[in-house]
Amino acid sequence: MNLTPLQTAMLDGAHGRAAQKSMQILAALGKIYGAEELIPVTSVQIAGVSYANLGEAGLAFLSDMADGGGKTRVLTTLNPAGMDIENWQALGISPEFARDQTRVIEAFSRMGVVATCSCTPYLVGNVPLYGQHIAWSESSAVCFANSVLGARTNREGGPSALASALTGFSPAYGLHLDEQRVPRLHFHVEAPLSGTFQFGALGKVIGEIIEKRATRPVPYLTGIPQASLEELKSFCASIATYGGAGLFHIQGVTPEASLFAVPAESITISSQQIHQAIEHLSNAADEPDFISLGCPHLSIDEIAHLAQLLVGRQVRKEFWITTARPIKQMADRMGYTRIIEQAGAKFAADTCCVVAPIQGRFKTLLTDSAKACYYARGKNKFNTLYRSFEEVVNEATR
Ligand code: F3S
């Protein structure tokens with residue numbers, strides 16, 4: 001791989017131990033994937049923040065990078081942590097976990113990583129522009145950045161994203177390259193869709209089709225005249241979860257779609273397939289004992305809608321509203337938080353129902369998120385009930 005003088009100096013240790021280790025990680029990755037060069041990135045987003053996933057080994061790696069002089073060279077934000085940093089007690093998080101999670105956040109902060117603790121960095125100030133190269137690692141956000149914003153990123157692991165943050169570079173392969181962004185499989189969506197719930201189901205249907213193909217073709221969708229930011233956020237989370245997709249194009253909706261012809265191979269998605277996916281996302285016969293909205297993290301518009309739905313009503317179950325801290329602060333200012341908390345729901349800022357250490361605490365999750373259903377079953381061993389945003393609120397307050 002061709003390295004610039006600055007990159008070579010970093011590799012030789014002239015910019016400190018952390019930059020050297022970072023450059024070793026990136027050079028090794030570049031070699032594995034056949035990259036010819038390392039390209040500058042303008043933004044980084046790091047996943048793998050929960051102490052539940054990192055453990056002591058992960059924390060030791062972060063501390064070592066911070067001790068080795070690691071400092072971010074571009075705007076870098078964090079994925080959700082394992083707890084609400086300010087209000088973890090109310091969510092039943094143990095003091096031991098809170099202590100360890102705080103050590104993780106401190107290690108990142110020492111390196112200049114902004115502890116947004118959100119999977120929707122594009123809602124809280126980390127907003128790459130069209131065509132910019134970035135290094136993000138949260139799968140739903142990677143898909144959103146590539147598809148909706150037209151930025152360019154592979155799905156980085158936590159260490160490689162940190163390495164990009166500390167050097168400002170990423171290996172030029174995969175979705176950084178024009179040829180890897182060309183759609184290869186056409187999906188015509190016959191089903192009329194609306195709401196995060198139906199877009200989540202569409203992501204499961206298409207994701208499962210492309211996941212079966214060895215080449216994981218970039219999908220090109222037609223038949224969707226419009227989609228809101230929230231619907232696209234839900235679709236991104238779902239198609240990334242069920243299909244490993246990092247990029248899609250929707251004719252007339254996403255910015256790169258007009259660059260390409262409709263691929264020759266075509267599959268039609270019917271209403272029946274969407275309904276089947278919705279059915280499959282529920283596997284519980286019993287009542288939910290845990291309810292969560294906010295996977296991916298809720299936008300301020302979704303919180304406003306939630307507050308409107310909850311006026312004068314009372315929640316009867318453990319109900320988490322997961323969002324980024326700055327969005328929660330806007331909700332505080334607008335009075336939405338007061339309405340939502342008076343109804344008995346709890347804000348879980350900085351975290352989510354998947355990365356928080358809640359295995360064994362609940363049996364059945366009710367949610368509007370196809371991604372949350374996947375991880376609730378696989379990781380936390382919960383049963384799931386999949387409903388629309390409004391139905392979730394209705395069932396929570398019944
Ligand atoms: Fe975000 Fe957690 Fe869902 S990180 S996309 S809310 S699993």
Side-chain angles (χ1 to χ4, degrees), residues 43 45 49 75-93 98 101-102 105 108-109 112-128 138 140-141 144-145 148-149 195-196 228-234 236-237 291-315 317-356 367-369 372 388-390 392-394 396-397:
S43 153
Q45 192 260 356
V49 179
L75 173 64
T76 303
T77 58
L78 280 187
N79 220 32
M83 63 181 198
D84 184 311
I85 291 166
E86 295 180 11
N87 198 26
W88 50 268
Q89 294 97 330
L91 304 178
I93 302 296
Q101 185 64 72
T102 304
I105 302 292
F108 278 120
S109 298
V113 178
V114 185
T116 49
C117 298
S118 178
C119 51
T120 54
Y122 46 86
L123 296 181
V124 292
N126 191 353
V127 194
E138 154 57 33
S140 66
F144 193 95
V148 181
L149 303 178
T196 51
S228 68
L229 179 145
E230 288 77 10
E231 288 166 338
L232 291 168
K233 168 165 78 76
S234 172
C236 287
I291 303 170
S292 187
L293 289 172
C295 173
H297 275 173
L298 292 186
S299 68
I300 191 65
D301 205 26
E302 289 175 306
I303 293 178
H305 182 46
L306 176 63
Q308 200 181 29
L309 292 172
L310 282 175
V311 171
R313 294 165 90 175
Q314 205 56 44
V315 166
K317 309 269 170 62
E318 181 81 3
F319 187 178
W320 287 15
I321 312 304
T322 61
T323 191
R325 174 78 48 197
I327 302 289
K328 157 83 168 42
Q329 285 164 344
M330 274 193 269
D332 296 347
R333 181 175 292 176
M334 292 304 295
Y336 305 147
T337 302
R338 188 176 39 79
I339 296 169
I340 290 166
E341 291 184 341
Q342 272 177 359
K346 294 175 184 171
F347 269 92
D350 314 310
T351 188
C352 78
C353 67
V354 170
V355 298
T367 181
D368 74 331
S369 166
S388 72
F389 192 97
E390 293 75 14
V392 168
V393 177
N394 287 342
T397 52

What is the distance from atom OG1 of T337 to atom CG of D332, rounded to the nearest 0.5 Å? 3.5 Å

Inter-residue atom distance L298.CG - C352.SG, 0.5 Å rounding: 11.5 Å

Heavy-atom side-chain proximity of [X] to [Y] below 4.5 angstrom:
X	Y	result
T322	P80	no
R325	D84	yes
S299	E302	yes
V124	T77	no
V49	I105	yes
V393	L293	yes
N394	R313	yes
S388	D368	no

Minimum heavy-atom distance between [X] and [Y], given as atom pair plus value:
X	Y	result
V392	I291	CG1-CG2, 3.5 Å
T351	V355	OG1-CG2, 3.9 Å
N87	F347	ND2-O, 4.4 Å
C295	S369	O-OG, 3.0 Å
C236	S140	CB-O, 3.6 Å
I93	A98	CG2-N, 4.2 Å

Looking just at side-chain N and O atoms, do T116 and S118 make a donor-acceptor pair shorter than 3.5 Å? no

E230 and T196 side chains, donor-acceptor separation under 3.5 Å: no

Sub-3.5 Å donor-acceptor pair from the side chain of [X] to the main-chain atoms of [Y], do we have one?
X	Y	result
T367	S292	yes
E138	N79	no
D350	I85	yes

Stepwise, does the salt bridge (Lys or Arg N to Asp or Glu O under 4.0 Å) test hold for K328 with E86? CA-CA 12 Å; K328 157 83 168 42; E86 295 180 11; over 6 Å; no

